[in-house]
Amino acid sequence: RSATVQPGLTLGDLDRATQAFGLATPTGVVSVTGLSGLALGGGLGWLNGQHGLTCDNLLAAEVVTAAGDRIVTDAEQSPDLLWGLRGGGGNFGVVTSFTFRLHPVQQVLAGAVSYPAEKSRAALRLYHEFARSCPDQLSANASLSRLAGGDIAVSIAVCYAGPFEHGDKLLRPLRRLGPAVDAIEPMSYQTFQEAPDVGFPEGQQHYWKTGSLTDLGDEVIEVMLEFVARMPSPTSGVGLQQLHGAAGRVEPTATAYPHRGDRYDCLILSQWPDPAESAQNIDWTREFFDAMDPLFDAGVYVNNLGDEGELRVGQAYGPNYDRLVAVKTKYDPTNFFRHNQNIKPGP
């Protein structure tokens, strides 16, 4: 129940290989994502409640340093480097091999319930209530989008990897708001992983901003609904990705990824087809983020950061930053690997 993986693969590549044996390791939620970068920054996905983040399942790695040294790291060999790779990004060297722990995962009960515009507030409150009660085997994400006619739509997507006979009871609260589009059904884990890919076609322009939330109070909901209502591109959206269960119970200092406990990664995801429309979409995203910033917690998911300065880098690594500086100083003292969310080496 382990997989040794070379760099250059996507999440879908790994899923196809491991699902042939009814196994999976937790990864992200869009199968065309590159596996290496996702794993090194944390890796938040549908199996986090039951099996943790991608980085929590990293058992060993082979790294080539800036000096050209080849280092094999695991729990016994260079464990400080393995600790740093579990969330510290590409700061320490080129990872040429990963070994991940695998778990039995085959059929899941998955899909989304979508609510009409007049139920947007109630749906977001329901989502928060539902997410706080999810068992480890069930993860739930919410999204806000704008339909062709301009109305806001809120969807709650779920992935339940437990016994199907318990599924209907667990998911019943999502159906209590009355008429909605219910697309939750049994499917293979691989099918569900590939489902969002169509929403990220090649050639799109992208600009993202992100923050961490532990509560979805009325003020947060109102800000999100206000900005989504005037979103300039219909292909943009807002995602709330749940971290809980096994991923939340890891001690913040046990891996370089520090942001544990029950929380949401709130991603403002702008995408549009025409470069000429960039200014208005970027401005909207920045204004949205500025309105949300006072409501965010201090931590931020490093995989969703852009070029946002040292303060945000510090927020990404949180209480583990000083220890990461020590690992950086040992393995990359000249800061050769600096085109990233950079951890600067010490003197």
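Quick note: numbers below take in every heavy atom, side chains included, and nothing from hydrogens, waters or symmetry partners. From a predicted model like this one, the values you see are computed outputs, not experimental measurements.
When only modelled atom types and interatomic distance are considered, N342 and N91 share a side-chain donor-acceptor pair under 3.5 Å. Looking only at atom types and distance, the side chain of S2 has no donor-acceptor partner in the side chain of T99 under 3.5 Å away. Side-chain contact of S270 with N281: a donor-acceptor pair under 3.5 Å is absent, judged by distance alone. Donor-acceptor pairing under 3.5 Å is recorded for the side chains of S278 and W272. T27 and T54 share no donor-acceptor pair across their side chains, judged by distance under 3.5 Å alone. Looking at D283 and Q280, their side chains never bring a donor and an acceptor atom within 3.5 Å of each other. Using modelled atom types and a 3.5 Å distance limit, the side chains of S155 and S114 yield a donor-acceptor pair. With 3.5 Å as the limit, one finds a donor-acceptor pair spanning the side chains of D265 and T210.
By the 4.0 Å N-to-carboxylate-O rule, R230 lies close enough to E226 to be salt-bridged with it. Salt-bridge formation is detected for the pair D218/R125: a Lys NZ or Arg NE/NH1/NH2 atom is positioned less than 4.0 Å from an Asp or Glu carboxylate oxygen. With respect to the salt-bridge test (charged N to carboxylate O, under 4.0 angstrom), the residues R16 and E194 qualify. Ion pairing of R286 with E308 is absent here, as no side-chain N (NZ or NE/NH1/NH2) approaches a carboxylate O to less than 4.0 Å.
Checking side-chain atoms of H244 against main-chain N and O of L138 turns up a donor-acceptor pair under 3.5 Å. Using a distance-only test at 3.5 Å, with no hydrogens or angles considered, a donor-acceptor pair links the side chain of S139 to the main chain of W46. Side-chain atoms of D262 do not come within 3.5 Å of backbone N or O of G248 as any donor-acceptor pair. At distances below 3.5 Å, at least one donor-acceptor pair connects side-chain atoms of Q271 with backbone N or O atoms of G199. No donor-acceptor pair under 3.5 Å is formed between the side chain of D297 and the backbone N or O of G299. Remark: the backbone N or O of L44 is paired with a side-chain donor or acceptor of Q241 at under 3.5 angstrom. Not one N or O on the side chain of T73 forms a donor-acceptor pair closer than 3.5 Å with the backbone of A61. Side-chain atoms of N48 never come within 3.5 Å of backbone atoms of G52 as a donor-acceptor pair (strictly under, hydrogens ignored). Formation of a donor-acceptor pair under 3.5 Å by the N340 side chain with backbone atoms of F337 is found in this model. Side-chain atoms of Q341 come within 3.5 Å of backbone atoms of G306 as a donor-acceptor pair (strictly under, hydrogens ignored).
The aromatic rings of F100 and F98 lie parallel to each other, with less than 30° between the two planes, well short of the 60° mark. Using the six-membered ring where Trp is involved, F200 and H206 have ring planes that are parallel, under 30° apart on the 30 and 60° scheme.
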Q204 vs T235, side chain to side chain contact (heavy atoms under 4.5 Å, CB included): CA-CA, chis, key distance, verdict: CA-CA 10 Å; Q204 292 278 78; T235 57; 3.7 Å; yes

After noting the C-alpha distance and the side-chain angles of D136 and H51, does the key distance pass the side chain to side chain donor-acceptor pair (under 3.5 Å) rule? CA-CA 8 Å; D136 290 0; H51 299 304; over 6 Å; no

Go through the steps to decide whether T10 and L35 satisfy the test side chain to side chain contact (heavy atoms under 4.5 Å, CB included), and finish with yes or no. CA-CA 5 Å; T10 65; L35 177 63; over 6 Å; no

Can you check side chain to side chain contact (heavy atoms under 4.5 Å, CB included) on V154 and S143, steps first, answer last? CA-CA 6 Å; V154 172; S143 62; over 6 Å; no

Take K330 and D80, measure what side chain to side chain contact (heavy atoms under 4.5 Å, CB included) needs, and give me the verdict at the end. CA-CA 10 Å; K330 179 177 179 180; D80 58 339; 3.0 Å; yes

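The side-chain heavy atoms of K328 and N335, taken from C-beta on, include a pair separated by under 4.5 Å. Counting only heavy atoms from C-beta outward, the side chains of I184 and R175 approach each other to under 4.5 Å. With contacts defined as side-chain heavy-atom distances shorter than 4.5 Å, the pair D69/V64 does not qualify. D293 has its side chain out of reach of F288: every pair of non-hydrogen atoms, C-beta onward, lies at least 4.5 Å apart. Looking only at side-chain heavy atoms (C-beta outward), L81 and I71 come within less than 4.5 Å of each other. Looking only at side-chain heavy atoms (C-beta outward), L267 and K209 stay at 4.5 Å or farther from each other. Between L53 and L243 the shortest side-chain heavy-atom distance falls below 4.5 Å. When side chains are defined from C-beta on, D151 does not count as touching P116, because their heavy atoms never get closer than 4.5 Å.
Here the straight-line distance linking atom CZ of F92 with atom CG of D332 works out to 9.0 Å at 0.5 Å rounding. Rounded to the nearest 0.5 Å, atoms OG1 (T285) and CE (M231) are 10.0 Å apart. Once rounded to the nearest 0.5 Å, the distance linking CD1 of I156 with CG of D182 reads 11.0 Å. For the atom pair OG1 of T191 and CD of E185, the computed distance is 9.5 Å after rounding to the nearest 0.5 Å. Here L144 contributes atom CG and L240 contributes atom CG; the two are 6.5 Å apart, rounded to the nearest 0.5 Å. Put simply, CD on Q193 and CD on Q19 are 8.5 Å apart, with the number rounded to the nearest 0.5 Å.
Environment of CD in E118: crowded, with over 12 heavy atoms of neighbouring residues, nucleotides or ligands closer than 6.0 Å. Counting heavy-atom neighbours within 6.0 Å of E165 CD, excluding the residue itself, gives a total above 12. Other residues, nucleotides and ligands place no more than 12 heavy atoms under 6.0 Å from the CD atom of E219. With a 6.0 Å radius and a threshold of 12 heavy atoms from other residues, nucleotides or ligands, F336 has its CZ atom at or below the threshold. Summarising the local packing, CD of Q77 is surrounded by more than 12 heavy atoms from other residues, nucleotides or ligands at distances under 6.0 Å.
Between L109 and G167 the shortest heavy-atom distance is CD2-CA, 3.8 Å. The minimum heavy-atom distance between G318 and P258, with the atom names listed, is N-CG, 4.3 Å. In this structure, V238 and C266 approach most closely via the heavy-atom pair CG1-SG, 4.2 Å. The shortest non-hydrogen separation linking P196 to V29 is CG-O, 3.1 Å. Closest approach of A291 to F227, counting heavy atoms only: CB-CE1, 3.6 Å. In terms of heavy atoms, S97 sits closest to T4 at OG-CG2, 3.4 Å.
Pairs of residues two or more places apart, or lying in two chains, that qualify as salt bridge (charged side-chain N to carboxylate O under 4.0 Å, His left out) and include a residue from residues 33-59 are D56-R260.
Close placement of the H259 and Y257 rings is indicated, their centers lying within 6.0 Å of each other. The ring of Y127 has its center closer than 6.0 angstrom to the ring center of Y264.
Linking Ile, Leu, Val, Met, Phe, Trp and Tyr residues whenever their side-chain heavy atoms come within less than 4.5 Å leaves V105 and L102 in two separate clusters.
A side-chain contact (heavy atoms from CB on, under 4.5 Å) with Y115 holds for exactly one of I152, V181, L126; it is L126.
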